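Computed from a prediction, not measured in an experiment: that's the story for all the values here. Excluded from the calculations below are hydrogen atoms, water molecules and symmetry mates; all remaining heavy atoms, backbone and side chain alike, are included.
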Number of protein chains: 2
Amino acid sequence: MSTVTRPPALRGDWARLAHATLSDVGHRSGAARASVIVVLEAAPCCLSAQEVVERAHERAHPVGVASSYRVLERLHSLELVRRIDLGDGVARYEAVNPGEHRHHHLVCIECGRIEPFEDARLERALHATTPPPGFSLIDHEVVMRVRCAVCGRDR
Amino acid sequence: MSTVTRPPALRGDWARLAHATLSDVGHRSGAARASVIVVLEAAPCCLSAQEVVERAHERAHPVGVASSYRVLERLHSLELVRRIDLGDGVARYEAVNPGEHRHHHLVCIECGRIEPFEDARLERALHATTPPPGFSLIDHEVVMRVRCAVCGRDR
DNA sequence: TTAGATGCAAAGATTTTGCAAGATC
DNA sequence: GATCTTGCAAAATCTTTGCATCTAA
């Protein structure tokens, strides 16, 4: 029986890495980009483009939806953020901290609550799960569908 | 090193089960429903609602998009089909044949090509990966992101 | 006959794109 | 000052819903 634990909330200096990488590739710095990066660094788990806009409005410089998508897509193409699809038709993004353990997500199919989790044995099995000849592996994504305590009560 | 193989294309009499279950729950039979079921049973892997409409038009009685979605959703709620999200913003559905090995999907991030795969070790690890207290497990979904031979050639 | 199934079209929701205005280098 | 970034609004998708019609039971 493997143990499922929450990943540590601590993260390294991801924002600095993100800005440095973007500069190296030749992109200019701007208010929207800075805001999205601040929000992503502070987030404990994945956020949708819309959620990034909301948090930016609350605790950083406001960002337009289009810019949110554009910055996220740029960070994604540089592998600075991971794009996650949990099955509700909304793309979510989270910072990829080099050296941090890979985590996956559990989702309540009733209320949509999301929690990160990591599991060493699962990670080893994924590492051993390689594609058939002719395909080169990029990565794996695991979604655990659950019912949370609140939603599971009445059934 | 675990072996990744394609699941058998053979399936049992899923269509009969689907119709029987729908009747048991009190639904009436109709042309759209029959068509969607025929298409799903014949499909070797997951299909989008739009693809179901296209195949129905080609090899069965034509079905409207709305009906495709409605029938698929109904089958999904009865756990006769699985809903799969591969990260391209399109929901896909595939028949769940009781007794058949659970399979997952690999997706080429360039061209979107999809292939089913199954892996015993991964399945055991998933079986052992349970949610934290307070959550009840429904199931796991694994997506393997790859680059296929064609798309990987030029890089 | 009656309630459910179906299809078309309109509405919703998410994501992308066009373009003018504002920053960065 | 030239070019990239940003934001608004329009467009493009995918999915759901309203409603009249058809149909199974």
For A:Arg55, which residues count as a side chain to side chain donor-acceptor pair (under 3.5 Å) partner, sequence neighbours excluded? none
Any side-chain to backbone donor/acceptor pair from [X] onto [Y]? Under 3.5 Å, distance only.
| X | Y | result |
| --- | --- | --- |
| B:Glu110 | B:Arg147 | no |
| A:Asp85 | A:Gly87 | no |
| A:Ser23 | A:His19 | yes |
| B:Asp119 | B:Leu122 | yes |
| B:Arg124 | A:Ala125 | no |

In terms of ring plane angle, is the pair A:His104 and A:Phe117 parallel, tilted or perpendicular, where the classes change at 30° and 60°?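 Because their plane-to-plane angle lies in the 30° to 60° range, the rings of A:His104 and A:Phe117 count as tilted.
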Do the charged groups of [X] and [Y] touch, with an N to O distance under 4.0 Å?
| X | Y | result |
| --- | --- | --- |
| B:Arg92 | B:Glu94 | no |
| B:Arg113 | B:Glu115 | yes |
| B:Glu118 | B:Arg102 | no |

Any residue of residues 50-74 of chain B with a heavy atom less than 4.0 Å from an atom of DNA chain D: B:Ala66, B:Tyr69, B:Arg70
Name every residue in residues 78-89 of chain B that has at least one heavy atom under 4.0 Å from any atom of DNA chain D, in order of residue number, or write none if there are no such residues. B:Gly89
Nearest whole Å is fine: how far is D:dT5 C1' from A:His19 NE2? 14 Å
Would you kindly give the CG-to-P distance between B:Asp24 and C:dG4, to the nearest whole Å? 17 Å
Checking B:Ile114, B:Val146, B:Val142, B:Val143 against B:Leu106 for side-chain contact (heavy atoms from CB on, under 4.5 Å), the one that qualifies is B:Val146
What are the atom names and distances for every N/O pair under 3.5 Å that joins the protein to nucleotides 21-25 of chain D?
residue : atom : partner : partner atom : Å
D:dA24  : N3   : B:Arg28 : NH1          : 2.9

Is the centre of the B:His101 ring less than 6.0 Å from the centre of the B:His103 ring?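 Between B:His101 and B:His103, the centre distance exceeds or equals 6.0 Å.
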Under the side chain to side chain contact (heavy atoms under 4.5 Å, CB included) test, residues paired with B:Val38 that sit two or more places apart: none
Given axes from five pairs at either end, by how many degrees does the helix from C:dT1-D:dA25 to C:dC25-D:dG1 bend, rounded to 10°?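 Between the axes fitted at each end of the helix from C:dT1-D:dA25 to C:dC25-D:dG1 lies an angle of 30°.
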Which part of the nucleic acid, if any, lies within reach of A:Ala49 when heavy atoms closer than 4.0 Å are counted: base, sugar-phosphate only, or nothing? nothing
